[in-house]
Amino acid sequence: MQALTSHRHMQLYGALLLLPAAVLLATFAYLPTISTLINSLFLPGIRGEPPVFVGLENYQVLIQDATFWKVARNNLFYALGTIPTSIALALAMALFVNARLPGRGFVRMAYFTPTVLPMIAAANIWMFFYAPQIGLFNHLLDVVGINGPNWLGDPSVALFSVIMMTIWKEAGFFMIFYLAALQSIPPDLKEAADLEGTGRWSFFWRVTFPLLMPTTLFVMINALINAVRVVDHLFILTKGGPNNATNLLLYYVYENAFSFFDRPYAATITVIILLVLAIVATVKFTVLDRRIHYQ
Amino acid sequence: MTCHRHVTVTHWSSATATILPDILARRSTLVIRRVQAGVGAVSLFAANGRTMLDTLNNDNKRIRLEDVSKVWDGLAAVDQVTFDVSPGEFIILLGPSGCGKSTTLRMISGLEQPSTGRIFIGERDVTRESPGDRGISMVFQSYALFPHLNVADNIVFGLRSRKVPKPERQERLAQVASQVGLEAYLDRKPAQLSGGQRQRVALARAIIAENAICLMDEPLSNLDARLRGDMRREIKALQQRLGMTVIYVTHDQVEAMSMGDRVILMESGRIVQDGTPAELYSRPTSAFAASFIGSPAMNLLELESVAGRTVISEEPAVPIASGDASHCLLGLRPEDIVIQPAGAAGMPARVIDKEYLGADTIVRVRVGNQTLRVRLPGQQSLPNEHCRLDWPAEAAHFFTADSGERRDDITAVTPVMANSRSSISRATAQPFPDQGVKR
């Protein structure tokens, strides 16, 4: 009897320790998720009337919404364009600054600078780079006699321009994770491999890369979340235009909620985004986790 | 020769079980084993036509260092080191931490470039060669196992780098795994192994390459004392069986004495003494060498000259050397000293305390203003305070006080002989009842 109550005591104690985190998570993650889900089942209330329950009608509208599909496709291209490139670039930069080179502290800082800049500020800088006549890129292209495109105004180039900037911004951030992981690999592994005459390339693929897999998985999940979280630099650069050529999911949510004042429709898109993200993250963790070595 | 490789390889544990623990007994059996190992090694590798480890041509097993130095920021970590290693020799680089022994080893392996000097393997100058081209294996202190690869992949890592075809890789893996007793663990990751098993994986990885030379950097320092003793014997037996040239770095004098054919003792980047374990023990060339070998270490006593006689400081009654040796140190091994009752002849001393260790007892005694350790067999009942010490003349070593250099020009006088009050000789001196016969 005594043992039972002391066991209960410990359980209560544990629950109390969890409480602060649980309250925060519930308030800012679970409750909003549930209220979004409920919201997506109503029509917007006009002129103070209460919202009308319509079931899955918003989802039917969504399926028939050509703009949504265009935005979703944009986002897919955006993800495919940014994630592999920024990860590869981050890894390359990390390998570079992890080597012994003069002034590597400075180089590390330089690579990390884009991450420190607020997105709005970075977007403004890139506005100047991309400006059609006076912009840096077209100015440089002019010098070699090429008539540069209208980077943000041409629907066929605009999404690519946004992707470019995202890679520039994200690669430095991911580099920090790779650098930390690289520094945790004991140097004697390289020495042991050197004694066996293992080439650099072979060592990278057989030792370094597998040992970096936990970091790669982490970075991949983060990059994916970032890819559907883009609002701020679209707001500065293109506002989703021209003709929705650069419109991405979360910006579309923002437009629906705060420009068209269709909150339930925005909630519907959000639910879809959450679902897709949850599925992808689950697959990544379950499939890849089995093949990854954690130290 | 039709003999298959497996036939010549005796099982790891059964081979080592025959080795007697006693060092002296082992030394004599080794001669026989070495001959057997030599024969085995020839058939072992001639069978497959690989000539990496070729016992008939020993050229790739010889190592020579000529005036090798390594300077970091103006400080010499290794200072003009020169030595030769004969084929099949087990060489120990011994010294306290920071003496440059590991740096020397890393320069031989090619992981570190010497600042000056040249390194030869056989007749080949390898000073600027990359580590992978030198034909050297190495066992790291940390083992340097690849954490994401299982035991089998760890062992054959180097063979894959050298593009050895898969069937041969498998064959050599099976053979090496049985030699080090890892057959049951090939699928495990290093994290699932005990320290001793990891050590075996590191060893297996070093020997599967069939290189003639194997370097070991404090390979046993992460193991507990008991396992270390077993691994000492196993490594030595493996080296004998494969006929490898081994350079082994350690700060542990027990490993040095028990494993080495030759010990190179280093201090502050320089070689202090280079000789067999017996030479290091019985004829240390400096006070440093004397204090480094032996457990407990050799007693070093300051001497002074009183009325033309050389005596231990503040103990003017008994001279210990003929002639003037006042700026010298007297070195005495704890096991060479005999304790006798206060009434006997010898050096007057006072017992401070004793430490019972099972097989023997370490007694601390005070002579003049200095403390000595005396090692006596078994458990001892000693007089509370006053006693007399004696030691044979050949047990006294003399070193210059400031430079630590050995002095062979001083003739020792035993305390019994010097003590004029008594004529009891060493042969007739009565030991304490339970002291037994000294070695």
Side-chain angles (χ1 to χ4, degrees), chain A residues 87 90-91 94-95 98-105 177-221 284-295, chain B residues 52 102 105-113 126 129-150 153-164 169 188-192 201-211 213-219:
Chain A
I87 290 180
L91 183 53
L95 287 170
N98 193 40
R100 283 186 205 165
L101 79 162
R104 82 178 157 174
F177 296 104
Y178 274 123
L179 191 57
L182 279 174
Q183 286 174 349
S184 73
I185 296 178
D188 51 12
L189 295 186
K190 175 82 179 117
E191 294 178 348
D194 279 350
L195 280 164
E196 303 289 359
T198 313
R200 249 186 215 200
W201 193 241
S202 161
F203 180 76
F204 175 77
W205 284 114
R206 291 168 62 198
V207 181
T208 313
F209 191 69
L211 289 179
L212 290 176
M213 271 314 278
T215 312
T216 304
L217 179 66
F218 172 79
V219 165
M220 262 166 72
I221 302 272
K284 271 186 178 171
F285 274 120
T286 50
V287 174
L288 290 176
D289 246 22
R290 254 175 270 141
R291 302 184 187 184
I292 290 178
H293 169 80
Y294 288 95
Q295 267 171 321
Chain B
M52 285 287 274
S102 280
L105 194 78
R106 290 171 60 83
M107 286 192 289
I108 297 170
S109 70
L111 296 173
E112 214 74 69
Q113 279 289 314
V126 298
E129 256 181 38
S130 70
D133 296 337
R134 296 188 181 197
I136 281 178
S137 300
M138 186 158 168
V139 179
F140 290 81
Q141 182 176 6
S142 63
Y143 313 142
L145 302 181
F146 302 107
H148 61 295
L149 299 179
N150 63 24
D153 287 337
N154 259 294
I155 296 175
V156 300
F157 186 92
L159 299 187
R160 280 189 61 188
S161 295
R162 303 221 186 261
K163 309 240 178 337
V164 174
R169 262 189 348 235
R188 296 224 192 150
K189 294 273 174 71
Q192 298 165 302
V201 178
L203 265 180
R205 197 171 63 183
I207 60 177
I208 199 168
E210 297 178 358
N211 286 325
I213 299 167
C214 185
L215 309 179
M216 302 193 183
D217 188 0
E218 310 212 15

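Everything numeric here is computed off the predicted structure, so don't read it as measured data. Each chain gets a letter, A, B and so on, in the order its sequence line appears, and its residues count up from 1.
- Both the backbone and the side chain of Ser109(B) come within contact range of chain A, each with at least one heavy atom under 4.5 Å from a heavy atom of that chain.
- His148(B) contributes atom NE2, which lies 10.0 Å from atom CG of Leu212(A) (distance to the nearest 0.5 angstrom).
- Neither the backbone nor the side chain of Leu159(B) has a heavy atom closer than 4.5 Å to any heavy atom of chain A.
- Contact count versus chain B (heavy atoms, under 4.5 Å) is highest, among Asp188(A), Thr198(A), Leu195(A), Val207(A), for Leu195(A).
- Most heavy-atom pairs under 4.5 Å with chain A: of the set Ala202(B), Gly158(B), Ala191(B), this distinction falls to Gly158(B).
- Surrounding CZ of Arg104(A) are more than 12 heavy atoms belonging to other residues, nucleotides or ligands, all under 6.0 Å away.
- Nearest heavy atoms, Glu196(A) versus Ala209(B): OE1-CB, 4.3 Å.
- For the atom pair CD of Glu191(A) and CZ of Arg106(B), the computed distance is 4.0 Å after rounding to the nearest 0.5 Å.
- Heavy-atom minimum distance, Leu189(A) versus Pro147(B): CD1-CD, 4.0 Å.
- Only the side chain of Phe140(B) has a heavy atom closer than 4.5 Å to any heavy atom of chain A.
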